[in-house]
Protein chains: 2
Amino acid sequence: MALDVIHVGDCIAALEAMPPASVDIVFADPPYNLQLQGELKRPDESRVDAVDDAWDQFESFAAYDAFTRSWLAAVRRVMKPNATLWVIGSYHNIFRVGAAMQDQGFWILNDVIWRKANPMPNFRGRRFTNAHETLIWAARDPGAKGYVFNYEALKGGNEDVQVRSDWLIPLCTGNERLKDADGRKAHPTQKPEALLARILLSASRPGDVVLDPFLGSGTSAAVAKRLRRRFVGIERDPFYAAAATRRIAAIEPLPEAALAAPPSAREAPRVAFAALVERGLVTPGAELTDAKGRARAVVRADGTIAIVANNTPAVGSIHRMGALAQGSEACNGWTFWHVEQEGRRHPIDQLRARLRAELGLGGE
Amino acid sequence: MALDVIHVGDCIAALEAMPPASVDIVFADPPYNLQLQGELKRPDESRVDAVDDAWDQFESFAAYDAFTRSWLAAVRRVMKPNATLWVIGSYHNIFRVGAAMQDQGFWILNDVIWRKANPMPNFRGRRFTNAHETLIWAARDPGAKGYVFNYEALKGGNEDVQVRSDWLIPLCTGNERLKDADGRKAHPTQKPEALLARILLSASRPGDVVLDPFLGSGTSAAVAKRLRRRFVGIERDPFYAAAATRRIAAIEPLPEAALAAPPSAREAPRVAFAALVERGLVTPGAELTDAKGRARAVVRADGTIAIVANNTPAVGSIHRMGALAQGSEACNGWTFWHVEQEGRRHPIDQLRARLRAELGLGGE
DNA sequence: ACGCCCATTGAATCAAGCG
DNA sequence: CCGCTTGATTCAATGGGCG
């Protein structure tokens, strides 16, 4: 399969020519089926340049649904089992697309709201300002566990709080907006690079293959190249494809160091408590306590620990014994148990971190 | 048709017993079909009290769709030609509901995002915090022009800018949350009154008939009564219906002066005084005075205020009415108007400062 | 009265690895 | 595929208790 290229042509045919289970993440910005009636003018009588292109016209909801089902099925075939799909739309089409996705077995992970910082006002004053679009993020199958979600990196870049499902991002305007030779916008619905960057940084890794079946002005491919992902773009209109090709050629990938994944506790190699005992970071016979010094345990040479709970002696893993000492079902022994050094109690997780560093295994 | 009552029973049967074209606005909070698998625990091992009620269980998407089509059709019959329908849901169900609405001929006016100020986190760090729910606002028919949308009043209560399609509102917690005899939450999905107030103030008028086919804890009826709308509530569960009945009985309608016809464009208030009203820092019907207690005004539910100047009643923004009361051309209503608390008068600017602090400095 | 600390809680489709 | 073990994981708001 050719990577980092744009296929010009119908997306169904192009998708069917691709090998199955070959892409890691899909971004799709399908026609919105806007169903606009007349033309709209601003209060100053200037005309609003609406999306009235032929590709956005469908005869009926049924025709739009058939189109949706067909591209969703074709996309689903080329997704790896742990790939995820992002679709963007507005109230004109997103409900139909979301229902079709569920019908085809996609498993919705989140709906995400793109809150536009600078939306077009409602000139007639008959509705609320349409100030957002909706993204649906879905796994290929129910129960998919292995999808990519760069939780820690996202949280780290967000004042150390979880990223929410509502994202505030400005429209694509100014220099970022592609213009044609006449200085008019080259594509009517160009998406901001910030939006695609957040998507790709959230749910893909460097080197992953990003598929966009409705490439348009090429935002997804441009951001993929900058973030050192590979891309497969499909676009029916040769003029849009040409504009996207020029745009992508001018992109310089970011330095690899700017994209390396931060160390993640979840991906750090496992170190058994027994290894700490073996390596001498904890001495057999040493005493462990909880943070407040109430529960007590004795370290055994084989890496298990011994406690007395309810006047009954027990031996087992740091986790089991932590749960037993607390009377809870589960327990992370690494953070529950502490050792005393120089009069202060430290969680044994600190010792594990030190051993990881000694072994050069990363994970802090 | 009996108004201001709760019908206990199946909503389809109750709707079919109503006369056609008899309600002005519908709010529907149908089951979300959450499809939860196991149980979920917080990092501290406490159990999350999930929605696992029988009424939220459906055998399949097809069963849920059939249910949706049936209540939508029954609701549509009792809507006046210019009535509008509001439906709330999450990604579990809202796409299916929205598509069914379009299929039945409803005309979507907006989708509106309820951004939760204090959502439950994602404890396992495997997705984005699910921090919003989606509302769909639709007219009964395509091309409906006569629906109610109180554009000027909404704009006036929003710093004189159009209200957007994303609304930041806290969850229903604390005192507002209905409790049963054991002190546990009486209903698992009680909606905040601020959300319903914004809906009814946006798209209905005093005296209008508000229908809620899934009344639950009765938030829509309680807010309807307070805002001097009439209501028809339908609830299947007699325990929920009884709790709602008690709740509604305790509601005192706001003074009519706080709800009379919205002001004209020229009199629209210019600041987010409405936010103070919505959040309960100022009560509709409360009295404002100047620093010396001479001029007097009454707070209205939409964030405008009413005064009598030169024996002539007038309604408008805190600034306009302050100017009118002083006989000056301009006035900063925030420093002119005061509220009395514990025998002392404070400028309403202090309340604004408090709200800003609560919202985190107003920066979103 | 006020501030601080702690416990509780909310429409949630919430794990991964090894044997 | 099943079953067991390991061990990773939370934000804003409310309200009560205490000093």
Side-chain angles (χ1 to χ4, degrees), chain A residues 102 106-111 137-139 142-147 149 151-152 155 158-165 264-274 303 316-320 322-323 330-337 348-349 352 363, chain B residues 29-53 55-58 61 88-94 114 116-134 168 170-177 179 183-185 187-192 216 342 358-360:
Chain A
Q102 291 180 310
F106 288 99
W107 190 247
I108 299 179
L109 298 168
N110 278 114
D111 57 339
W137 179 40
K145 303 286 184 193
Y147 59 87
F149 180 56
Y151 175 76
E152 301 210 23
K155 183 176 175 180
N158 188 46
E159 302 280 335
D160 275 330
V161 291
Q162 292 185 344
V163 173
R164 299 168 40 119
S165 56
S264 150
R266 196 173 260 127
E267 291 174 16
R270 295 190 168 212
V271 172
F273 184 65
S317 74
I318 53 172
H319 310 297
R320 289 267 158 243
C331 170
N332 182 343
W334 291 110
T335 51
F336 179 78
W337 294 110
I348 57 177
D349 207 27
R352 180 170 63 161
Chain B
D29 183 11
Y32 285 13
N33 189 23
L34 287 187
Q35 303 179 274
L36 303 179
Q37 312 289 349
E39 70 171 13
L40 178 64
K41 288 183 171 178
R42 298 188 178 81
D44 65 4
E45 290 288 310
S46 64
R47 193 178 141 276
V48 173
D49 184 17
V51 176
D52 55 359
D53 306 70
W55 51 254
D56 198 48
Q57 314 287 332
F58 291 83
F61 283 135
I88 186 167
S90 67
Y91 66 82
H92 309 84
N93 71 324
I94 199 65
W114 168 27
K116 302 182 183 184
N118 48 343
M120 180 154 68
N122 184 290
F123 297 116
R124 305 305 287 261
R126 296 298 297 144
R127 304 180 177 193
F128 299 99
T129 307
N130 193 3
H132 72 274
E133 294 190 20
T134 300
L168 181 66
L171 295 175
C172 177
T173 61
N175 258 338
E176 189 186 320
R177 190 91 196 206
K179 304 292 198 304
R184 288 175 306 200
K185 59 187 176 191
H187 191 279
T189 70
Q190 183 178 345
K191 297 294 176 290
E342 295 141 25
E358 282 178 18
L359 295 176

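Keep in mind that the numbers below use all heavy atoms, side chains included, and drop hydrogens, waters and symmetry copies. Proteins get letters first, then strands, A, B, ... in listed order; numbering begins at 1 in each.
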Please state whether the phosphate of [N], meaning OP1 or OP2, lies under 4.0 angstrom from any side-chain nitrogen or oxygen of [X].
| X | N | value |
| --- | --- | --- |
| A/H319 | D/dT6 | no |
| A/N332 | D/dA8 | yes |
| B/K185 | C/dG10 | yes |
| A/R320 | D/dT5 | yes |
| A/Y147 | C/dA16 | no |
| A/K145 | C/dG17 | no |
| B/R177 | C/dA11 | yes |
| A/S317 | D/dT6 | yes |
| B/R184 | C/dT8 | no |
| B/R126 | C/dA16 | yes |

| message | Tell me if the side-chain of B/K191 makes a donor-acceptor pair with the base of C/dA11, cut-off 3.5 Å, by modelled atom types. | response | yes
| Base of C/dG10 paired with side chain of B/R42 (donor-acceptor, under 3.5 Å) | yes
| remark: Closest to the 5' end of DNA chain D, once B/E45 and A/D160 are matched to their nearest nucleotides, is B/E45
| said: On DNA chain D, compare the nucleotides closest to A/C331 and B/D44; which residue's is nearer the 5' end? | reply: A/C331
| task | List the steps and the verdict of side chain to side chain donor-acceptor pair (under 3.5 Å) for B/S46 and B/R42. | result | CA-CA 5 Å; B/S46 64; B/R42 298 188 178 81; 3.2 Å; yes
Expressed as a whole number of angstroms, how long is the span from [X]:[atom1] to [N]:[atom2]?
| X | N | atom1 | atom2 | answer |
| --- | --- | --- | --- | --- |
| B/E39 | C/dC14 | CD | P | 12 Å |
| A/E267 | D/dG7 | CD | C1' | 15 Å |
| B/N130 | D/dA12 | CG | P | 16 Å |
| B/Q190 | D/dT14 | CD | P | 15 Å |
| B/N122 | C/dA11 | CG | P | 15 Å |
| A/I348 | D/dT6 | CD1 | P | 12 Å |
| A/L109 | C/dA12 | CG | C1' | 12 Å |
| B/R124 | C/dA16 | CZ | C1' | 10 Å |

How close do [X] and [Y] get, counting heavy atoms only, and between which atoms?
| X | Y | answer |
| --- | --- | --- |
| B/S90 | B/Y32 | OG-CD2, 3.4 Å |
| B/C172 | B/K191 | CB-C, 4.0 Å |
| A/F336 | A/C331 | CB-SG, 3.6 Å |
| A/F106 | A/A138 | CB-CB, 4.1 Å |

Would you say [X]'s side chain and [Y]'s backbone share a donor-acceptor pair under 3.5 angstrom?
| X | Y | result |
| --- | --- | --- |
| A/W337 | A/I348 | no |
| B/Q190 | B/E176 | yes |
| B/N122 | B/G125 | yes |

Over all strands shown, is [X] touching base, sugar-phosphate only, or nothing at heavy-atom distances under 4.0 angstrom?
| X | value |
| --- | --- |
| B/P192 | nothing |
| B/A50 | base |
| B/C172 | nothing |
| A/G333 | nothing |
| B/A117 | sugar-phosphate |
| B/D29 | base |

| Earlier contact from the 5' end, DNA chain C, for A/W107 and A/G146 | A/W107
| note | Whichever of B/F61 and B/P119 has the more 5' nearest nucleotide on DNA chain C, that residue is B/P119
| request: Using the side chain to side chain contact (heavy atoms under 4.5 Å, CB included) rule, pick out the option among A/N110, A/D111, A/L109 that qualifies with B/F128. | output: A/N110
| query | Within 45° of the axis and under 6.0 Å from the centre of the six-membered ring of A/Y147, does NZ or CZ of B/R126 qualify? | reply | yes
| B/L171 has a side chain; which of D/dG7, C/dA12, C/dG10 sits nearest to it? | C/dG10
| message | Nearest to the side chain of A/Q162, heavy atoms from C-beta on, is which of C/dC14, D/dC11, D/dT9? | response | D/dC11
| Strand DNA chain C as a dot-bracket string - pairs counted if Watson-Crick or G-U with both distances under 3.5 Å, | where the partner lies in another strand | .|||||||||....|||||
